[in-house]
Structure formats: structure tokens, C-alpha cells
Amino acid sequence: EIVTTWLKDNGYPYATLTRAISHITDGNCVLIRYDIVSGHVVKIGEVLLVGNTLTSQRAVREKLYVKTGDTYSAHKILESEFALRRLGVFQNVRIEQMGLDEKSDSIHLAVRMEELRPLVVDVSAGFATDDLYTGSFTFTNFNTFGWAKRLSLRFIGGQRLSRGEITWVDPSFLNHD
């Protein structure tokens, strides 16, 4: 299985491995033979993005570890799906591979995404003996400008307290997921 996994991650998704066991006549030896049929090298065909109405194509494609013309890699396709999920702007991400069943020379990918609602508004009010009456208003955009970056504006006010906060979160800061 390690050999076939390696082959599937290096351009040979149709690779097969068969094992044959033969007993030598004296009974003390066993001959194990592995036959590997790698098949032909497969490339990534077109990469189609579906469902990213708010998120820019650039933000999505930056998270893909495969692009058109690359050598096929099952591991890179799976890692691409995980990287898109880690962005935090999608409710669902699925990468469909078209052409595997037909044993095509190029595998086309359909990246299907379902986006989360990007805007959240929170309002709160309270009373505490230290601050007396307080309230806050928070506005958060989880997909600011379609860049898959989070912007929060928070205003806190009360009889003894007032302040504002701006928060910018980039999940890819320093190229780290």
C-alpha cells in the first residue's frame, strides 16, 4: 500500500500492485513476488471553481496546491481541500476529480465551495459594579473584500468606559495556514 500511495502522489493514480506467493518444494522457503503496473503519467487538467460568489478566485487559487499542468497528486488535492476549509469562509468544500473512472490522461478538478454568511453583528448590554452600565456593538466581516480575511469593528461604551477596537485577521499571514 505504501508503494501504490507513493505512485498515486507522483502522477500514477491507476497504479496497481499484485502479490503472488509461491512455496518452494522443500517447504522451508517461500517466494513472494510483487508486480507493479504503474500505468501512464497523469496531469491535472482544468481547475474549475464553483460556488465562490463572494470570495475572489485569487484567494481560492492561492490555497490550491495543484494547478493546470501539474503532475497528478492525490495528497496535494486532499491538502488543497483542507487549506480551503481552514480559511474559515466556507461552510463546505469538496474537490471532485473528473476522469479518474475513465482512466484519462488528464484529471479535471471541480472545486465546489459553499460560502458562509460573511457578516455578523453582535450587540450586548450589561451592568457591573465597577463599570456601571455598559454596552457593546461588534461588526465582523469574515470575508472582507472577498480576500478571505476577517475584519472586526467593536465599540464599547458606558458611564465610565468607552473604547473602540479594530481587528484584522489574515489566516495566511507569513504563509502559514
I need the minimum non-hydrogen distance between [X] and [Y], along with the two atoms involved.
X      : Y      : result
Lys149 : Trp168 : CB-CZ2, 3.6 Å
Leu54  : Glu115 : N-OE1, 2.9 Å
Gly45  : Thr68  : O-OG1, 3.0 Å
Ala148 : Ala59  : CB-CB, 4.5 Å

Might you confirm whether atom CG of Leu31 has over 12 heavy atoms from other residues, nucleotides or ligands at distances under 6.0 Å?
yes
Starting at [atom1] of [X], measure out to [atom2] of [Y] and round the result to the nearest 0.5 Å.
X      : Y      : atom1 : atom2 : value
Glu81  : Tyr65  : CD    : OH    : 12.5 Å
Asn143 : Ser56  : CG    : OG    : 8.0 Å
Asp35  : Thr18  : CG    : OG1   : 4.0 Å
Ser136 : Glu165 : OG    : CD    : 9.5 Å
Lys67  : Lys76  : NZ    : NZ    : 8.0 Å
Leu109 : Ser106 : CG    : OG    : 10.0 Å

Please determine whether side chain to side chain contact (heavy atoms under 4.5 Å, CB included) holds for the pair Leu48 and His108, giving the CA-CA distance in whole Å, both sets of side-chain angles, and the decisive distance to 0.1 Å.
CA-CA 8 Å; Leu48 176 67; His108 302 291; over 6 Å; no
Please check if the side chain of Ser104 supplies one atom and the backbone of Ile107 the other of a donor-acceptor pair under 3.5 Å.
no
Side chains of [X] and [Y], heavy atoms from C-beta outward: is any pair under 4.5 Å?
X      : Y      : answer
Leu84  : Arg86  : no
Val30  : Ile32  : yes
Met113 : Thr55  : no
Thr71  : Asn10  : no
Val42  : Tyr12  : no
Arg150 : Thr167 : no

Have a look at Val47 and tell me which of Val60, Asp70, Leu64 forms a side-chain contact (heavy atoms from CB on, under 4.5 Å) with it.
Leu64
Dump the intermediate steps for side chain to side chain contact (heavy atoms under 4.5 Å, CB included) on Leu161 and Ile156, then the final yes or no.
CA-CA 7 Å; Leu161 172 70; Ile156 302 169; 3.8 Å; yes
Distance-only donor-acceptor pairs under 3.5 Å for side chains of residues 87-100, two or more places apart:
from: Arg94; atom 1: NE; to: Glu96; atom 2: OE2; distance (Å): 3.2
from: Arg94; atom 1: NH2; to: Glu96; atom 2: OE2; distance (Å): 2.8
from: Glu96; atom 1: OE1; to: Arg112; atom 2: NE; distance (Å): 3.1
from: Glu96; atom 1: OE2; to: Arg112; atom 2: NE; distance (Å): 3.0
from: Gln97; atom 1: OE1; to: Tyr72; atom 2: OH; distance (Å): 2.6

Mind checking what makes side chain to side chain contact (heavy atoms under 4.5 Å, CB included) contact with [X], not counting sequence neighbours?
X      : value
Phe137 : Val121, Val123, Phe139, Phe155
Asp130 : none
Leu17  : Val3, Thr4, Tyr34, Ile36
Val37  : Thr16

Within one Ile-Leu-Val-Met-Phe-Trp-Tyr cluster: Tyr14 and Ile2, side-chain cutoff 4.5 Å
no
Report the C-alpha separation of Ser73 and Lys8 in whole Å, then their side-chain angles, then the decisive distance to 0.1 Å, and conclude whether the side-chain hydrogen bond (donor to acceptor under 3.5 Å, both in side chains) test is met.
CA-CA 6 Å; Ser73 171; Lys8 288 178 183 183; over 6 Å; no
For Phe142 and Leu116, run side chain to side chain contact (heavy atoms under 4.5 Å, CB included): C-alpha distance rounded to whole Å, both residues' side-chain angles, the deciding distance at 0.1 Å, then the answer.
CA-CA 9 Å; Phe142 287 95; Leu116 291 168; over 6 Å; no
List in chain and number order the residues that pass ring pair (Phe, Tyr, Trp, His ring centres under 6.0 Å) with His75, two or more places apart in sequence or in another chain; answer none if no residue qualifies.
none
Could you check Thr140, Asn141, Thr138 and say which one makes a side chain to side chain donor-acceptor pair (under 3.5 Å) with Ser152?
Thr140
